[in-house]
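See structure below.
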Amino acid sequence: MTDTPIPSATTLEFLGREHGHFIDGRWRPSASGATFDVHDPATGRRIARCAAGGAAEIDEAVRAARAALTGPWSRFTAAQRSAVLWKIADLVQQDLQRLCELEVVDSGLPMPIAQYVCGMVVPEFFRYYAGWPTKIEGATIPAAPQGKLPGEAISFTLREPVGVVGAITPWNSPLPMVMLKVAPALAAGCTLVLKPAELAPLTAMRLVEICQEAGVPDGVVNLVNGHGEDAGAALAAHPGVDKIAFTGSTEVGRMIVRAAAGNLKKVTLELGGKSPVVVFPDADLAQVIPGAARACFFLQGQNCMAGTRLFVHEKVHDRVVEGVAAIARALKIGPGLDPGSEFGPLISAAQRERVAGFVAAGRAEGAEVVCGGRAPERPGYFFEPTVLARTRSDMTPVREEIFGPVLCVQAFGDDDLEQVAREANSTIYGLSGSVWTRDLGTAMRMVRLIDAGQVSVNMHAAIDPAMPFGGNKQSGWGREFGKEGLEPYLKTKGISMTW
Ligand code: NAP
Ligand code: MG
């Protein structure tokens with residue numbers, strides 16, 4: 001085994017801080033003095049300690065965010081908000097090494113993926129939203145209010161920031177999850193209170209500092225660390241919050257909706273998935289095999305878009321299963337900081353137990369374990385990439401979101417596309433999906449039949465800042481990314497004037 005490199009001095013300095021809450025432009029501890037530990041999932045070791053906030057800290061942060069709505073931030077021109085978003089992108093790139101190391105030791109992803117995410121995905125996303133402030137426009141409306149004739153009145157709309165946004169995010173891919181809320185909120189002129197996942201809060205904390213360094217005024221971006229049932233629940237219920245932007249499980253999504261009902265907050269939800277990958281016999285297997293492996297095993301399967309249900313036509317079934325299993329067996333498992341690691345740990349021991357439980361349930365229900373299925377003997381929360389063949393839609397690992405590296409394969413012999421789509425749609429989720437074929441007619445019919453917010457053809461989970469993304473059915477409410485991702489952060493005021 002290679003010696004795992006030690007993070008750089010700036011990263012070690014950051015890890016060693018007494019991490020508090022970022023409220024009104026400065027770090028402060030919890031009133032209660034309560035803390036929680038942050039662990040490196042590749043070793044199980046504690047790497048940082050954070051203040052655990054609750055209702056008191058959330059209340060302070062919401063007050064700061066409300067006050068900031070009418071402070072200097074409200075006098076920023078659209079071009080100035082745009083410049084701030086560009087600056088955030090530049091500062092993310094300047095701080096790349098530290099952000100990557102923090103993301104790797106906190107969430108367990110391999111370094112090349114962290115470099116791609118922090119060096120490309122995040123800055124490009126901020127630059128995309130930097131383009132929006134100067135293009136947020138209302139409309140003139142051909143109305144005749146109270147019988148006024150043309151020339152006697154004018155009616156138009158103003159787009160205004162929705163107000164104070166409460167953003168609650170999960171631990172898988174922590175920095176992009178926070179970016180998805182911060183960029184459109186700032187583009188629209190909102191203020192925010194972030195509650196990052198307690199399992200991986202580090203890059204969110206660095207990002208709020210970067211926002212401040214980029215010229216965002218005090219109180220515009222606030223962050224409260226803590227547990228979901230304390231800090232998260234207090235944020236979702238707070239009457240001073242106008243909108244909740246939540247990413248996480250479907251189960252917690254329901255709790256958010258209930259908590260938000262008090263003051264009828266606007267709510268957007270990005271929830272779980274169980275996405276189908278459908279392979280037709282004419283598909284290019286040289287594309288399909290690595291594509292299907294990546295669709296499931298990217299981020300160790302801890303990815304809402306993961307293609308975890310592989311439907312393969314029986315004519316090519318064995319070749320596809322063997323090919324994907326060969327890739328899974330060859331993936332180099334190891335800590336993200338080790339050069340050459342391709343497959344990191346799961347986020348926690350509890351998550352590893354959960355994944356192992358789904359594999360055991362699949363075995364007991366008659367699935368065949370083609371590869372993986374075990375936790376390797378080593379420190380950290382690793383679990384081998386696993387392929388389960390001969391699965392059926394009623395089996396536990398096929399029905400439920402595992403959020404781990406377990407691919408469930410089902411063969412189909414049917415040439416009736418509606419029947420294939422019915423199987424692909426036989427889940428409560430509808431987030432993503434992909435179709436693999438060289439036949440344009442098959443592709444276009446399947447694209448229409450699959451009930452998901454995103455369908456890709458001959459690729460899986462094609463993400464771009466400009467492309468709307470979100471869930472149908474119990475995978476969510478609303479869309480992120482693109483112009484549609486900006487809309488939930490705006491409200492419309494209708495104005496009519498006469499003289
Ligand atoms: P989770 O358990 O639902 O937690 C998400 C966030 O909600 C965390 O910050 C959590 O705090 C907080 N939370 C927990 N209980 C809460 C409550 N009662 N009130 C308010 N907030 C509460 O999800 P997770 O395990 O972190 O993440 C995995 C899930 O996220 C999967 O289902 C995955 O599919 C989904 N996801 C969806 C997308 C998408 O775009 N659709 C993207 C990524 C992930 P803690 O810090 O205490 O956990
Ligand atoms: Mg962690």
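We count ligands from 1, going down the list as the structure has it; atoms in each ligand are counted the same way. Atom set for the values below is all heavy atoms of this structure, side chains included, hydrogens, waters and symmetry mates excluded.
- A heavy-atom distance below 4.5 Å is found between the side chains of L486 and Y129.
- Here the protein heavy atom with the shortest distance to atom 12 (C) of ligand 1 is I168 CG2, 3.7 Å.
- Considering only residues two or more places apart in sequence or on other chains, E18 meets the side chain to side chain donor-acceptor pair (under 3.5 Å) condition with none of them.
- Of all protein heavy atoms, the one lying nearest to atom 41 (N) of ligand 1 is L271 O, 2.8 Å.
- Between N172 and ligand 1, not a single N/O pair is under 3.5 Å apart.
- An N or O contact shorter than 3.5 Å is missing between C304 and ligand 1 by distance.
- Within the listing of ligand 1, atoms 19 (N), 20 (C) sit less than 4.0 angstrom from a heavy atom of A233.
- Assignment of G476 to the shell around ligand 1 is not supported, since no heavy atom sits closer than 4.0 Å.
- T250 contributes a side-chain N or O that, together with a main-chain N or O of Q474, makes up a donor-acceptor pair within less than 3.5 Å.
- Residue contact annotation: M177 has a non-hydrogen atom under 4.0 Å from ligand 1.
- Here the side chain of K266 pairs no donor or acceptor atom with the backbone of D242 at under 3.5 angstrom.
- Heavy-atom proximity to L431, at under 4.0 Å, picks out these atoms of ligand 1: 41 (N).
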task = Applying salt bridge (charged side-chain N to carboxylate O under 4.0 Å, His left out), run through E342 and K332 and close with a yes or a no.
result = CA-CA 5 Å; E342 296 168 319; K332 189 162 175 287; over 6 Å; no

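- Between R159 and I136 the shortest heavy-atom distance is CB-CG2, 3.6 Å.
- The distance criterion of under 3.5 Å between nitrogen or oxygen atoms is not met by I256 with respect to ligand 1.
- Neither the backbone nor the side chain of A236 comes within 4.0 Å of ligand 1, counting heavy atoms alone.
- Not a single N or O atom of S475, backbone or side chain, sits closer than 3.5 Å to an N or O atom of ligand 1.
- Residue A197 has at least one heavy-atom neighbour below 4.0 Å for each of these atoms of ligand 1: 9 (O), 46 (O).
- A distance of 7.5 Å separates NE2 of H460 from CG of N303, quoted to the nearest 0.5 Å.
- Of the listed options Q351, R479, E401, E401 places a heavy atom closest to atom 34 (O) of ligand 1.
- Where the criterion is an N or O separation shorter than 3.5 Å, residue side chain and backbone included, T169 meets it with respect to ligand 1.
- Of the protein's non-hydrogen atoms, G228 CA, 3.4 Å is the one closest to atom 13 (N) of ligand 1.
- The nearest heavy-atom contact from the protein to atom 25 (O) of ligand 1 is W171 NE1, 3.1 Å.
- When only non-hydrogen protein atoms are considered, atom 35 (C) of ligand 1 lies nearest to G248 O, 3.1 Å.
- Judged by distance alone, the side chain of S434 and the main-chain N or O of V457 form no donor-acceptor pair under 3.5 Å.
- When only interatomic distances are considered, the shortest N/O to N/O separation between E480 and ligand 1 does not fall below 3.5 Å.
- Among all protein heavy atoms, the one lying closest to atom 11 (O) of ligand 1 is K195 NZ, 2.9 Å.
- Given atom 20 (C) of ligand 1, the protein heavy atom at minimum distance is G232 C, 3.2 Å.
- Contact atoms of ligand 1 toward F469: 40 (O) (distance under 4.0 Å to a heavy atom of the residue).
- Considering only non-hydrogen atoms, atom 47 (O) of ligand 1 lies nearest to E198 out of H227, E229, E198.
- Here the closest non-hydrogen pair linking Q454 and M305 is OE1-SD, 4.2 Å.
- For the residues G226, S348, S249, the heavy atom positioned nearest atom 23 (O) of ligand 1 is part of S249.
- Considering backbone and side-chain atoms together, T247 places no N or O closer than 3.5 Å to any N or O of ligand 1.
- Among the candidates E57, E60, H21, the single residue satisfying the side chain to side chain donor-acceptor pair (under 3.5 Å) test with R28 is E60.
- No option in F383, W171, F358 other than W171 meets the ring-ring contact (aromatic ring centres under 6.0 Å, His included) test with F403.
- Residue T250 does not touch ligand 1, judged by heavy-atom distances below 4.0 Å.
- Using modelled atom types, one side-chain atom of N425 and one backbone atom of L449 make a donor-acceptor pair closer than 3.5 Å.
- Scanning all protein heavy atoms for the shortest distance to atom 18 (N) of ligand 1 gives M255 SD, 3.4 Å.
- Across every non-hydrogen atom of R354 and I402, the tightest pair is NH1-O, 2.9 Å.
- Partners of F14 under the ring-ring contact (aromatic ring centres under 6.0 Å, His included) rule, at least two apart in sequence or in another chain, are H19.
- Here F481 and F125 bring their ring centres to under 6.0 angstrom of each other.
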